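Excluded from the calculations below are hydrogen atoms, water molecules and symmetry mates; all remaining heavy atoms, backbone and side chain alike, are included. All values reported here derive from a predicted model rather than from experimental measurement. Residue numbers count from 1 along this sequence. We count ligands from 1, going down the list as the structure has it; atoms in each ligand are counted the same way.
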Amino acid sequence: MDKTDILSLTFEELEEKITALGEKKFRAKQIYEWLHTQRVKEFSEMTNLSAQFRERLNENFYINSLKIKKRLVSNIDNTVKYLYGLRDGESVESVLMEYKHANSLCISTQVGCKMGCRFCASTIAGWSRNLEPSEMLSQIYETERDSGRHVGSIVLMGIGEPLDNFDNVVKFLKILNSGGEGLSLRHLSLSTCGLVDRIYDLAQLKLGITLSVSLHAATDEKRSAIMPVNRQYDLSQLMKACDDYFAATGRRISFEYSLIEGVNDDDKSADELISLLGGKNCHVNLIPINEVKERDFRKSRSVEHFRKRLEAAGLNATVRRTLGADISAACGQLRREEKANG
Ligand code: SAH
């Protein structure tokens, strides 16, 4: 019989499995605490359970955890970039960033990505599979363990499209919310390229998370040229879903706009963005694009000018600080290099 990935079980699921083994319900609580608060890696470490029961757990379950394959530490600002190895030999990336109020961790949700955004490195090495909830949790647990730093906020902005792995991501969020530290989902942002149907589903769950939408262009023509997903869900459908998300959750949307020289950084593009978002209760996050070796997109030189134009029109816009410039490797690059070096 295949063993069950115990770290991917919600508390309710664990309770069910443990009682099915003929054990008392409260044992599930003890085990959940060992897994998500103490974060042990072996059943033998669960010392308040009998040796016999620990052995049975070992026969039925395994505790998934990731191995650090590479660690890059910035000398400028304490940013740490991890390449994590998974059980099947695949790898994903996480980035730990230091902000004034807390450490923030950017985690991956899939091995690779299918979305094909033209400027993004994650898509170059292709898509292999979805990450399990345990593999998303383990990015947090291993990063905290290795760095000795507490992660206060989490962004699902690493490799992959979180809404293309909807069920596992939702399960991950539920476990995170009920786990050891009960990390509030208010400090979690999920970034999507715009899978409209799933945005409606997410709104229904009312998890209290922040939704970030990768916009990068404000007309269908420009957006479809750099983001293939726009051909499936156009801007009018996307904006309607965003309005619905705000109405259902009361959480304002954060729109990401990566500025690319000569593609989306001129005054006309700014005005198109103003007419798309004007009057909405939202926030615009301007990102100087990370140049990716394989792509010929260049960083815009008019980031501040663009921001000012939005601001003058009453849009709430900030420029994202560049962190870890010396270990830059835009998201997805470490994994791709690793694959290329085989
Ligand atoms: N698939 C999700 C989350 C992962 S990407 C999404 O599309 O939102 C996280 C953010 O980084 C997205 O806004 C994405 O468009 C942006 N991004 C990807 N490649 C980039 C690059 N080279 N420079 C700047 N931002 C990039």
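- With a 4.0 Å cut-off on non-hydrogen atoms, V213 does not touch ligand 1 at all.
- Ligand 1 lies less than 4.0 angstrom from a heavy atom belonging to G158.
- The E256 neighbourhood of ligand 1 comprises atoms 13 (O), with distances under 4.0 Å to a heavy atom of that residue.
- Side chain of R54 to main chain of L49: a donor-acceptor pair is present (N/O by atom type, distance under 3.5 Å, no hydrogens or angles).
- Compare H216, R320, M115, K114 by their heavy atoms: the one nearest to atom 16 (C) of ligand 1 is in H216.
- The closest approach between a heavy atom of G160 and any atom of ligand 1 is below 4.0 Å.
- Those atoms of ligand 1 that come under 4.0 Å of a heavy atom in V292, given as number and element, are 22 (N).
- Counting atoms of ligand 1 from 1 in the listed order, those under 4.0 Å from a heavy atom of C193 are 6 (C), 7 (O), 8 (O).
- Using cut-offs of 30° and 60° on the angle between ring planes, the pair Y141 and H36 is perpendicular.
- At least one heavy atom of S258 sits less than 4.0 Å from an atom of ligand 1.
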Might you work through the side chain to side chain contact (heavy atoms under 4.5 Å, CB included) test for Y62 and D5, ending with a clear yes or no? CA-CA 5 Å; Y62 68 93; D5 170 7; 3.4 Å; yes
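- Set against the non-hydrogen atoms of C120, the atoms of ligand 1 under 4.0 Å away are 18 (C), 19 (N).
- In this structure a side-chain-to-backbone donor-acceptor pair under 3.5 Å is missing from Q232 to P228.
- Atom numbering of ligand 1 starts at 1 in the shown order; those under 4.0 Å from a heavy atom of F119 are 15 (O), 17 (N), 18 (C), 19 (N), 20 (C), 21 (C), 22 (N).
- Ring planes of Y84 and Y82: parallel class, angle under 30° (limits at 30 and 60°).
- Closest approach of E93 to S108, counting heavy atoms only: O-OG, 2.6 Å.
- Under the 3.5 Å distance criterion, the side-chain polar atoms of N58 are left unmatched by any main-chain donor or acceptor of F43.
- When the heavy atoms of S108, C113, S191 are ranked by distance to atom 2 (C) of ligand 1, first place goes to S191.
- Close contacts of ligand 1 with T192, meaning ligand atoms under 4.0 Å from a residue heavy atom, involve 6 (C), 7 (O), 8 (O).
- Without hydrogens or angle criteria, D146 side chain to E142 main chain gives no donor-acceptor distance under 3.5 Å.
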